[in-house]
Structures are given as structure tokens and as C-alpha cells.
**Student:** 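Mind looking over this structure? Questions follow.
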Amino acid sequence: MSLDAEEEFLKELNEPQREGVINTEGPTMIIAGAGSGKTRVLTYRIAYLIKYKHVDPFSIMALTFTNKAAREMRNRIEKVVDNDARNIWMGTFHSVFARLLRSEAHHIGYPSNFTIYDADDSKSLIKSIVKEQGLDDKVYKANAVFSRISGAKNNLVSWKDYINNPLYQADDESQMRPHIGKLYQLYVQRCFKADAMDFDDLLFNTNLLFKEHPDVLNKYQQRFQYVLVDEFQDTNISQYLITKRLASVRQNIAVVGDDAQSIYAFRGANIQNILNFEKDYPDLRIIKLEQNYRSTQNIVNAANSVIVKNKAQLHKNVWTSNQEGRLIELIKAVSDNEEGKLVASTIFEQKMNHQYHNSDFAVLYRTNSQSRAMEEALRRMNIKYKVVGGLSFYQRKEIKDLLGYLRFAVNQNDEQALRRIINLPKRGIGDSSVDKIIVAADEQGVSLWEILENIHHFVGGRAGEAIKNFVTMIKSFRITMEKSDAYDTAQMVAKNSGLLKELYEDKTVEGLNRYENVQELLNAIKEFVDNPETNDKTLGAFLQEVSLLTDADDKNKELDDAVTLMTIHMAKGLEFKNVFVVGMEEDLFPSQMMLSSRADLEEERRLFYVAITRAEQHLFLSYALNRYRYGRLKTCEPSRFLSDIDTTYLQVSKSIGSHEPLPGVQAQHFGKRSLIAGFPEQKPQAPRHFVKQTAHQPSSDFKPSDTSNLIVGNRVEHPKFGFGKVIRMDVDGANRKAIIDFEQFGEKTLLLSFAKLRIVE
DNA sequence: AAGGCGCGTTTTTTT
DNA sequence: AACGCGCCTT
């Protein structure tokens with residue numbers, strides 16, 4: 001080993017980066033500001049381990065947040081080390097531990113061909129459990145129940161712990177949902193019976209495995225001598241504990257993250273992990289990366305001026321020696337559609353004046369639904385774009401249908417897959433027959449498949465006959481599967497199930513599309529099988545990969561020169577020369593949901609920080625004065641986040657925006673709006689309609705009244721807004737509305753179908 | 001069992 | 001506006 005070569009290797013790094021690379025032993029935490037070369041440190045660290053510390057790639061585990069990040073890192077490492085980086089265990093927490101569980105799950109009672117339930121599977125399972133329990137599905141909404149269960153699992157609270165924990169119980173009772181614990185238990189048992197794990201189970205069960213089988217844990221502790229974690233700020237307790245257990249012998253754990261970019265608390269991510277880390281590893285080496293290489297001074301400074309408004313943060317001083325750059329531009333539009341037009345025309349201008357490519361632009365928004373207006377405008381101007389996220393390929397019905405068949409061929413206990421495919425295409429097996437099967441399996445204490453194989457005992461007549469044929473068909477799939485690879489099996493299944501035929505006969509535009517999509521899925525399977533890096537070419541291996549795939553992983557989308565449209569969450573870890581952050585309006589960003597349900601303004605602000613710091617050269621912020629939301633046109637106020645930005649870094653774009661009233665919008669709004677014309681010179685004012693968490697404690701005898709006879713003049717109480725008086729009633733299509741003047745919050749329009757009102761007099 | 005119609009609900013972010 | 005669910009009819 002030549003020392004010169006090593007110096008050569010390290011010469012591209014600044015001092016703290018270098019520290020982060022060469023101190024390979026012992027616990028290390030790298031706090032990396034936005035754009036400070038965090039991924040670079042991680043890749044160099046791994047390459048350095050292999051090349052200069054002669055560590056076997058086989059004993060390195062690197063955990064990333066997305067599959068894409070893992071792929072990129074692997075490519076970069078391969079460029080540096082000639083040694084093949086293929087043996088590094090690198091991927092998302094979910095994919096890495098799914099892989100581990102495939103070989104070890106038998107210790108905890110799961111077979112190795114277990115299915116992975118996606119969020120849709122989980123929710124529909126919850127729906128059926130709620131129904132079976134005779135509970136009200138309006139009270140026990142699948143989303144709410146699921147997120148409660150998910151939260152518990154991410155905190156490593158088992159269903160038994162949950163039921164025995166008075167805090168959880170009290171919480172649920174105060175929400176009028178005392179049976180969530182029971183539902184949690186039934187849900188877990190049903191998943192287990194179906195040989196299925198949901199996303200959270202992959203982590204929960206890994207923890208369980210490590211806890212209950214020290215010998216297994218020990219095996220992996222010996223193997224993985226170096227553990228690295230990217231995006232540490234977005235890990236949850238469950239993930240943290242896995243890494244802690246794995247690294248507890250060697251203590252060679254390196255985590256990289258930025259507390260200012262923690263945006264997944266809603267999914268259980270916990271900044272507390274960063275603090276715990278210091279406690280868990282007393283001799284921790286902390287390295288701070290503070291020099292930003294990505295953005296202009298104006299952008300870095302503006303971002304700093306935003307993030308200091310947060311109280312909860314570690315001290316950090318992000319700076320840059322890049323040039324000052326242009327001011328951030330604020331674009332105001334009259335409507336969401338006009339916002340789209342302005343963004344599109346600005347992109348056009350920038351391209352003309354500065355020789356940019358389409359791929360130098362990104363449009364970031366808070367919610368997926370905002371992409372529509374943007375797409376339309378870009379299409380009109382003939383600017384190529386791609387939407388990342390939203391409805392992904394693998395969420396399409398026809399794709400899930402075929403995958404359902406494949407899943408069931410692999411695992412006959414997969415209840416959700418069975419429900420999806422048993423009568424598809426229609427073969428005369430209705431819901432009542434399916435229910436009979438499930439009840440029978442439950443009563444007999446056997447698997448669904450055993451009932452299906454002996455169906456003549458349970459369902460007779462035409463349906464029974466149809467089921468018999470179905471079973472024969474599935475058996476033929478299994479025989480093919482055992483002697484063929486994933487592609488041949490999938491093709492045979494697509495043909496013999498009748499799915500392909502049904503789609504082929506549908507000559508509508510959508511039908512044609514669907515047919516092509518299925519063909520595309522088959523192509524993807526072919527690609528999977530043909531890929532020389534695929535060791536395991538079975539159907540099961542393909543399904544596992546697919547179930548953990550995200551839309552950001554779609555390779556087809558990386559080729560073209562196109563403007564990128566995506567949510568800010570999806571933009572994490574990416575950078576673009578020009579960035580538009582659109583929809584900078586109160587209630588949209590920061591999201592109304594976030595504020596009223598979780599009261600976490602700071603997480604929203606960190607999200608804004610992430611958005612700003614994606615930009616390398618030029619940042620544009622835009623808002624619309626009117627926007628279609630929930631199918632209605634609504635007037636909006638500019639986001640409070642705009643006034644967080646120090647105005648020295650900001651300029652209002654020359655009065656772009658037509659300021660013509662929209663059809664159907666009363667002119668009165670624009671009178672008020674003209675106040676904002678001078679924004680941001682005007683002092684920021686306290687937002688008026690912001691519902692604080694401490695808003696109102698409903699009276700102890702609060703009981704919602706029947707609002708069908710609500711009249712003008714009634715005095716009412718609302719559990720959140722307090723007392724008020726009905727000043728107007730309105731009918732809008734199917735909805736009855738009441739305009740109520742609340743003592744604390746002023747006028748509000750309530751949809752009576754949603755409003756919980758107590759009529760006081 | 002299957003398909004149609006009308007009503008009611010829902011819109012935050014994702015592995 | 002878009003979707004899903006339940007009920008009703010065939």
C-alpha cells in the first residue's frame with residue numbers, strides 16, 4: 001500500500017470530510033448540513049474501508065433511505081474500488097432486513113416465502129376485521145386504525161403491550177375508540193396466519209428475532225463489522241434499535257444525518273435518536289460538516305434565516321464560499337392555474353437566457369394533487385416533464401391484479417391476494433362464497449388453502465364447481481413455478497388466468513393502456529431474470545424486490561431531459577440548478593392537517609428548509625391567491641414561511657400575474673388581496689385563522705346535536721372553535737353549510753355533514 | 001352474481 | 001372532483 005495513493009484518494013475532501021472518512025473505528029456521528037457532501041463522505045468511507053483498511057465488502061452493511069440512494073452509492077463505490085461492491089449489504093432498512101428475514105424467519109414462526117403486505121393490503125385487511133367485529137367503520141376508519149398500529153410497531157409496542165398499557169388505552173378511550181388494541185391483536189394474528197408481514201413488521205420482527213434468538217444476532221454481529229446509516233435523522237426507534245443491536249459488539253457504527261432535515265416524524269422518525277446516540281455511545285466521535293458546496297450564498301443564507309426560527313435544533317453554522325448568486329424570486333399568481341402558467345413561462349425564459357436543460361429544473365410542492373395545474377401548463381408550453389411519485393406503476397389495478405396471482409402462487413395463505421384474484425376475471429365466485437371460506441378456515445383452524453382444496457365440504461353448487469377449477473388452476477401455476485424462472489411463470493399465469501385475454505378484449509383507450517402496462521410488467525420480470533446480477537431468479541425473489549420498490553426507482557424516468565415534478569418529501573437528497581417551490585400558502589404549506597392534528601409547525605418548517613436547500617443557483621417561490629381545493633375555489637393567504645425569510649435575500653418578481661378576477665370569484669377578495677401586493681416589504685402579521693392547539697376545551701357535557709334543524713341565530717358550541725353564533729345558512733350542491741361567527745376565531749364556514757356542533761340555545 | 005346508481009366521504013407527506 | 005361503498009335491480 002502506497003501512502004501517496006491514499007493521499008491522492010483523500011485529496012478531494014475537506015478537513016472534516018476527511019475526518020469522517022479515515023476514522024473508521026468506533027462510533028461516529030456525522031452531522032452534515034444541507035449540501036455539505038454527506039453522501040460523498042459515506043461513499044468515500046466505504047471505499048476507504050475496502051481499499052485501504054482491506055475490509056471484506058461482505059462484512060459491511062450500509063443502510064439508506066431509498067433504493068435509489070443505495071444504487072447510486074453502490075455505483076459510486078464501484079468506480080473507486082476495483083473490488084466488486086456487490087457483496088456489501090446496502091439498501092433501505094426494509095429491503096435489507098426483508099432479505100435477512102427470508103433466511104431467518106423460521107425462528108419466529110414465519111416461512112421464508114412470506115408475503116409483504118403493502119399499505120393497501122394492510123388497510124383492506126383492517127377494514128374486514130373492523131367489519132367482522134361489528135364495529136362502526138366510521139369510527140374505526142382504516143387509516144386511523146392503521147396509523148395507530150403502525151405507530152405502536154415503530155415504537156416496538158406489541159399488541160400485548162398495547163392492550164396492557166393504560167396510557168394507550170386511555171388515549172383510545174378518549175378518542176372514543178376503545179377497541180383499537182383488540183383490532184391490533186386480530187390484525188397481527190391475521191397477518192401471521194396469512195404468512196404476511198407489513199412494512200413495519202419487517203423491522204419489528206427483526207427486532208423480535210434479535211431479541212429472542214441471541215445466537216442468530218451473534219451470527220450477524222460477527223459478520224457485519226461495519227454498520228453505516230444514512231439519513232439518520234429519519235430513522236425511528238425500531239430501526240435505531242436494530243442498528244444498535246447489530247453494532248453492539250464491534251461498535252463500528254457510523255451515522256450521517258442532519259436534524260434540520262428531519263421530515264418523517266409522522267412516520268415515527270425520531271430526532272431523539274440523535275440525542276440517544278450520544279448517550280448510548282459515550283466515546284462517540286462527532287463530526288460536523290458545515291460548508292455547503294451546493295448553493296449560492298443567497299440561498300444558503302435564506303435557508304439559515306428560515307431554520308433559526310425553529311427552537312428544537314442542534315447548533316450548526318452552515319456557510320458557503322460559492323458566489324452570492326441571484327436573489328430568490330417571489331412569484332404571486334391569481335389562481336393555481338395561473339401559477340402553473342407563470343412557472344412554465346419562467347422556465348421557458350430561464351432556458352432561453354441561460355442555456356439550461358429541462359433537467360436543470362424542479363418544481364416542488366407539498367401535496368401530490370398540486371401536480372395537475374403544473375402538468376397542464378407545462379404541456380401547453382411543450383416543456384417535457386416527469387412526475388415522480390403519486391400513483392406509481394405498481395399501484396395500478398391491472399398490475400396489482402397480476403401481482404396478486406403471482407403472490408398467491410408463491411404463498412397460498414395470502415388472504416389479501418386471494419380476495420383480489422379469486423373472482424377475477426369473473427368466474428362466478430361471489431363475496432358470500434369468499435366469506436364462507438374465511439369463516440370455515442377460522443372455525444376449523446386451518447389455512448385458507450386447505451379449505452379451498454376441500455371446497456366440496458363447504459361450498460356446493462355452481463360456486464363450488466368454480467372454486468374447484470380455480471384451485472386446479474393455481475396448482476398448475478405452482479407446478480410451472482417450481483421448474484421455471486420468474487418470467488416463464490408470470491407469462492404462463494398471465495395467459496392462463498384469463499387476465500391478459502380480458503384486457504386484450506377491452507378496446508377502449510384505458511383498456512389498451514392497461515394491456516400495455518401488463519406487458520410492461522412482464523418485460524420488467526424478463527429484465528429481472530436476464531440481469532446477470534440477479535442471483536435468485538425465482539418468482540418469490542422478484543416479488544420481494546417489487547414490494548419494496550418505490551416510484552422514485554422507476555428506471556424509465558431517469559433517461560429523458562425533463563423538468564422534475566415532485567413532493568418536497570421525494571426531493572430529499574436531490575439537487576437541481578433551478579428550483580420552484582409552489583403553493584406557498586397558509587393551510588397548504590404549512591399543511592392545515594399537520595397543524596391541527598399534530599401541532600408540529602417545526603416539522604413543516606424543516607420541510608421548507610429542505611425545499612430551499614435543493615436549489616443550486618436559483619430559487620423561485622410562488623403562491624396563488626385562489627386555489628381549487630376539495631373541488632371548490634378557495635381564497636388563500638401567503639404562507640407564514642414567506643415571512644420567515646430574511647427579506648434581504650428576496651425580491652418580488654415584477655408584477656407578473658394578470659390580476660384579472662377569475663370567473664366566479666367575487667371582486668371583494670381582490671380588494672383585500674391588494675394588501676399583499678407590497679409583500680414582503682410589509683411587516684409579517686400574525687396569521688388569523690391559525691387554530692392553536694390550546695384553542696378550546698369543550699364543555700364536559702359536550703354532545704353533538706342534530707343539526708338538521710339548525711337555524712340562523714342559534715348559539716352553538718364546536719369542540720375546537722368554541723362558542724359562536726350562526727349568522728347565515730347556505731346550500732351548496734348536496735352540502736348544507738352554516739356560516740358561524742366564533743367568539744375566538746371569527747367567521748368560519750362549516751359543512752354540516754362534518755361539523756360537530758352542540759346547539760346551546 | 002353482476003352491474004348500475006346515488007349517496008357520502010375525502011383530500012399530507014412514504015418505506 | 002374523484003372515488004368508494006352500499007343498496008337496488010336484473
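In what follows, chains carry the letters A, B, and so on, assigned in the order in which the sequence lines appear, proteins first and then strands, with residues in each chain numbered from 1. Remember, predicted model here, so these are calculated numbers, not experimental data.
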**Student:** Would you call A/D121-A/R419 a salt bridge at under 4.0 Å N-O?
**Tutor:** no
**Student:** Could you go step by step and tell me if A/R605 and A/D644 meet the salt bridge (charged side-chain N to carboxylate O under 4.0 Å, His left out) rule?
**Tutor:** CA-CA 9 Å; A/R605 191 178 276 117; A/D644 285 349; 2.7 Å; yes
**Student:** When we call it a touch if two heavy atoms are under 4.0 Å apart, what does A/F93 touch: a base, just sugar-phosphate, or nothing?
**Tutor:** nothing
**Student:** Please report the distance, rounded to the nearest Å, between CD1 in A/I568 and C1' in B/dT13.
**Tutor:** 9 Å
**Student:** Inspect the surroundings of NZ in A/K400 and state if more than 12 heavy atoms from other residues, nucleotides or ligands are less than 6.0 Å away.
**Tutor:** yes
**Student:** Pull out every protein N or O sitting under 3.5 Å from an N or O of nucleotides 5-7 of chain C, one pair per line with the distance.
**Tutor:**
| unit_1 | atom_1 | unit_2 | atom_2 | d |
| --- | --- | --- | --- | --- |
| C/dC5 | OP1 | A/K127 | NZ | 2.9 |

**Student:** B/dT12 P sits how many Å from A/I263 CD1, rounded?
**Tutor:** 17 Å
**Student:** Is the distance from OP1 or OP2 of B/dT14 to the nearest side-chain N or O of A/N368 less than 4.0 Å?
**Tutor:** yes
**Student:** Taking atom NZ of A/K131 as the centre, does the number of heavy atoms from other residues, nucleotides or ligands within less than 6.0 Å exceed 12?
**Tutor:** no
**Student:** Let's see if you can work this out: which of C/dA2, B/dT15, B/dT13 has an atom nearest to the side-chain heavy atoms of A/F199?
**Tutor:** B/dT15
**Student:** Between B/dT13 atom P and A/L364 atom CG, what is the distance in whole Å?
**Tutor:** 14 Å
**Student:** If you check the A/T92 side chain, which of B/dA2, B/dT14, B/dT15 turns out closest?
**Tutor:** B/dT15
**Student:** Kindly say if A/K141 contacts the phosphate of B/dT10, meaning a side-chain N or O under 4.0 Å from OP1 or OP2.
**Tutor:** yes
**Student:** Can you see whether A/D230 engages A/T64 through a side-chain donor-acceptor pair at a distance of less than 3.5 angstrom?
**Tutor:** no
**Student:** Can you check side chain to side chain contact (heavy atoms under 4.5 Å, CB included) on A/R366 and A/T567, steps first, answer last?
**Tutor:** CA-CA 5 Å; A/R366 179 69 230 280; A/T567 62; over 6 Å; no
**Student:** From the list B/dG3, B/dT15, B/dT13, which nucleotide is the closest neighbour of the side chain of A/K426?
**Tutor:** B/dG3
**Student:** Using whole Å, report how far NZ of A/K123 lies from P of B/dT14.
**Tutor:** 12 Å
**Student:** With C1' as the reference atom in both, quote the distance from B/dT13 to C/dG4 in angstrom, rounded to an integer.
**Tutor:** 23 Å
**Student:** Do you see a donor-acceptor pair shorter than 3.5 Å between the side chains of A/N207 and A/S238?
**Tutor:** yes
**Student:** Between A/N423 and A/H94, name the one whose nearest nucleotide on DNA chain B is closer to the 5' end.
**Tutor:** A/N423
**Student:** Over how many whole Å does the gap from A/K153 atom NZ to B/dT15 atom C1' extend?
**Tutor:** 14 Å
**Student:** Applying a 4.0 Å non-hydrogen cut-off, can you work out what A/T567 is touching in the nucleic acid: base, sugar-phosphate, or nothing?
**Tutor:** sugar-phosphate
**Student:** Looking for any heavy atom pair under 4.0 Å, which part of the strands does A/D200 touch: base, sugar-phosphate only, or nothing?
**Tutor:** nothing
**Student:** Sticking with atom C1', work out how far C/dC5 lies from B/dT12, rounded to a whole angstrom.
**Tutor:** 24 Å
**Student:** Between A/R606 and A/E603, is the closest basic N to carboxylate O distance under 4.0 Å?
**Tutor:** yes
**Student:** Specify the separation, in whole Å, of atom NZ of A/K68 and atom P of B/dT14.
**Tutor:** 14 Å
**Student:** In whole angstrom, give the distance that lies between atom CD of A/Q592 and atom P of B/dT10.
**Tutor:** 15 Å
**Student:** Mapping A/E604 and A/A463 to their closest nucleotides on DNA chain B, which lands nearer the 5' end?
**Tutor:** A/A463
**Student:** Contact class for A/N143 vs. all strands (heavy atom < 4.0 Å): base, sugar-phosphate, or nothing?
**Tutor:** sugar-phosphate
**Student:** Starting from C1' on C/dA1, measure out to NZ on A/K634 and report it in whole angstrom.
**Tutor:** 17 Å
**Student:** Report yes if a side-chain nitrogen or oxygen of A/S433 is closer than 4.0 Å to either non-bridging phosphate oxygen (OP1 or OP2) of B/dA1; otherwise report no.
**Tutor:** yes
